[in-house]
Asker: 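Shown below is the structure under consideration.
The structure presented is a predicted model; accordingly, all values stated were derived computationally and were not measured. Atom set for the values below is all heavy atoms of this structure, side chains included, hydrogens, waters and symmetry mates excluded. Chain A is the first sequence line, chain B the second, and so forth, proteins listed ahead of strands; every chain is numbered from 1.
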Amino acid sequence: MSRPAPPLETVDQAIQWMIALHYQPADDDTRTRFETWRAADPQHALAWQQLQDIGNGLRQLPAGLSPQLASSALAHAAPRTAARRRALKTLGGGSAAVAALGVALWITRDTPAWRPLLAEHRTRRGERRTLTLADGSTLHLGTDSAVDIDYSPQQRRIVLRQGEILLDSAPDSHSVPRPLLVATRHGLLHALGTRFTVRLQADATLLHVLQDRVALHPAGQPAAAPVIATAGQAFRLTREQAVPADIPPHDPAAWADGVLSVRDMPLPRLLDELARHYPGRLQYADGLAPFTVSGTFQLDDIPRTLALLAESLPLHIEARSVWWRDSLHVSRRPPPAAPVR
Amino acid sequence: MSTAAPPDGFSALYRDHHRWLHGWLRRRLNCTEQAADLAQDTFLRLHIARQQRQDALSLREPRAYLTAIAKNLLASHWRRQEIERAYLAALAARPEPTAASEEARLEILQVLERIDAMLDRLKPQVREAFLLAHLEGMTCQQVAVRMGLSRATIERHIATALRHCYIQTMQG
């Protein structure tokens, strides 16, 4: 896959900024100079973003593995022996053996352990991120999401592998404007100058157009004419077809601002949505369906959001800590106990 | 029901070389079960590779291919053992008691392996400086004091490590 690649000199500059800003106390002056550098060239911003992502990727540790523990284990693992590496390099000398090595390395590369690093940008549950793409488009990456950015001379392609995005597209500055495409396993979305959200679910890709138009191409119907979605419309794309979908009872782009804005939403659906943004586990009991809610809810502090909900609804919020992960449980508050005689 | 061998002759390959590969691995591992696992894994990977690039793998020397894959798997296997040993040692050195489910432990080891692969081939000193700064969040100055090196050296080490990670990732 071709990736946008800033020159290595730019990467080295970005690294120097990273050292100045991340690995030591930085003053305002340094930060100002850094911002000037970053804004000076989209390639600067891109190199910076890529480095950030790599750095964050290395810090994504599972519960139960503290950074100190990881650091200490990795620092004390004996170095891979030179002999063993040499054994891998000299497999007998024949060209078949060399070709075989290529195959073997290629296969090892494709093991699951590598995959998280291959998606170019990803977020954890509860995390959101805003990326400025090389053409000036803005990509908001939602909770627990992963995209590959694949910009080539022929096209601007964003591969949504998981989760959801909000894309604010910019006109292409190339002399021959390149199409801007969002690809999912269900098909292609061709942006026609526009702002829209895409959410990938197991069975379908959900599109919500906020501005202008988007053309939908189901993956399994390459010859069919595209379906055009216009502002305000929602579509459901499967490999076979693109059909209009119900407008969701919440603002589909509000998550990019860190909130969930809903009107008359059944409480279990609201909790399902909140759970997607909560790094711990959020569960709820039966019997909450009769409640509907309207309002704007903060996504960055879900325990607090639930506490606020419990002020207006008869809810009982229980925080449990399963030894490595926070867990919240929502249920109906029991009616007040009868007074003791 | 037709259960004919796949047209690519994979069954024949398996029949002709599985026992030999198992022996080859057993001599290196001194363990029949591990050797059997790795032999399975080797054939599985060969099978996947053949499906993905049907033309490219002409198997005039199947044993050369098999040993190439197996050597790679062996190297990963040994590395995984070393990482696990280092992890258990680090865990034992912690003051607080810890317990992890088998599933959690596998996930932890997998992540450690991934980071280890990313930092592979960095000099131990560079690696340690980077781990202290990046994972433990020490400043360059603190790392310099801890490792008894100058701050400029630490900064250079971190730059080396970041550049290495960048190139590794972009080539991935």
Asker: Around B:Glu33, counting heavy atoms of other residues, nucleotides and ligands shown, do more than 12 lie under 6.0 Å from its CD?
Answerer: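 Open: at most 12 neighbouring heavy atoms sit under 6.0 Å from CD of B:Glu33.
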Asker: Which heavy-atom pair separates B:Cys140 from A:Ile19 by the least distance, and what is that distance?
Answerer: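 Heavy atoms only, the tightest pair is SG-CG2, 4.3 Å.
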Asker: Please name the pair of heavy atoms, one in B:Glu136 and one in A:Pro67, separated by the smallest distance, quoted to 0.1 Å.
Answerer: CG-O, 4.4 Å
Asker: Within a reach of under 6.0 Å around CZ of A:Arg185, are more than 12 heavy atoms found that belong to other residues, nucleotides or ligands?
Answerer: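 Counting neighbours around CZ of A:Arg185, more than 12 heavy atoms of other residues, nucleotides or ligands fall under 6.0 Å, so yes.
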Asker: So, for A:Ala63 and B:Ile108, which heavy atoms are closest and what is the spacing to 0.1 Å?
Answerer: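 Minimum heavy-atom contact is O-CD1, 4.2 Å.
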Asker: Distance-only, no hydrogens or angles: does the B:Glu82 side chain make a donor-acceptor pair with backbone N or O of A:Ala78 under 3.5 Å?
Answerer: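 Yes, the answer is positive, given that a donor and an acceptor are paired below the 3.5 Å cut-off.
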Asker: Give me the atom names and distance for the closest heavy-atom approach of B:Thr139 to A:Pro25.
Answerer: CG2-CD, 4.0 Å
Asker: Which value, rounded to the nearest 0.5 Å, describes the distance between A:Ile54 atom CD1 and B:His134 atom NE2?
Answerer: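 Here the interatomic distance stands at 10.0 Å.
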Asker: Can you tell if the side chain of A:Leu61 reaches within under 4.5 Å of the side chain of B:Ile115, non-hydrogen atoms only?
Answerer: yes
Asker: Which atoms of A:Asp53 are under 4.5 Å from chain B, going by heavy atoms: the side chain, the backbone, both sets, or neither?
Answerer: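 For A:Asp53, there is no contact with chain B at all, as no heavy atom is under 4.5 Å.
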Asker: Distance from B:Gln110 atom CD to A:Leu65 atom CG, nearest 0.5 Å?
Answerer: 12.5 Å
Asker: Can you see which heavy atom on B:Leu112 is nearest to which on A:Ala73, and at what distance?
Answerer: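 Minimum heavy-atom contact is CD1-CB, 4.4 Å.
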Asker: Flag the one option from A:Gln60, A:Gln68, A:His76 with the top tally of heavy-atom pairs under 4.5 Å to chain B.
Answerer: A:Gln68
Asker: How many angstroms lie between NE2 in A:His22 and CD1 in B:Ile158, if you round to the nearest 0.5 Å?
Answerer: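 Taking NE2 in A:His22 and CD1 in B:Ile158, the distance rounds to 12.0 Å.
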Asker: Which one, B:Gln142, B:Glu128, B:Glu107, leads in non-hydrogen pairs under 4.5 Å with chain A?
Answerer: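 Max contact count across the listed options: B:Glu107.
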Asker: Name the member of B:Val143, B:Ile83, B:Val111 that forms the most heavy-atom pairs with chain A at distances under 4.5 Å.
Answerer: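 Sorted descending by pairs with chain A, the first entry is B:Val111.
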Asker: Answer with side chain, backbone, both or neither: which region of B:Arg105 has an atom nearer than 4.5 Å to a non-hydrogen atom of chain A?
Answerer: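 Neither part, no heavy atoms under 4.5 Å.
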Asker: Could you tell me which portion of B:Ala89 (side chain, backbone, both or neither) has an atom closer than 4.5 angstrom to a non-hydrogen atom of chain A?
Answerer: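 The answer is neither part of B:Ala89.
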Asker: Answer with side chain, backbone, both or neither: which region of B:Arg163 has an atom nearer than 4.5 Å to a non-hydrogen atom of chain A?
Answerer: both
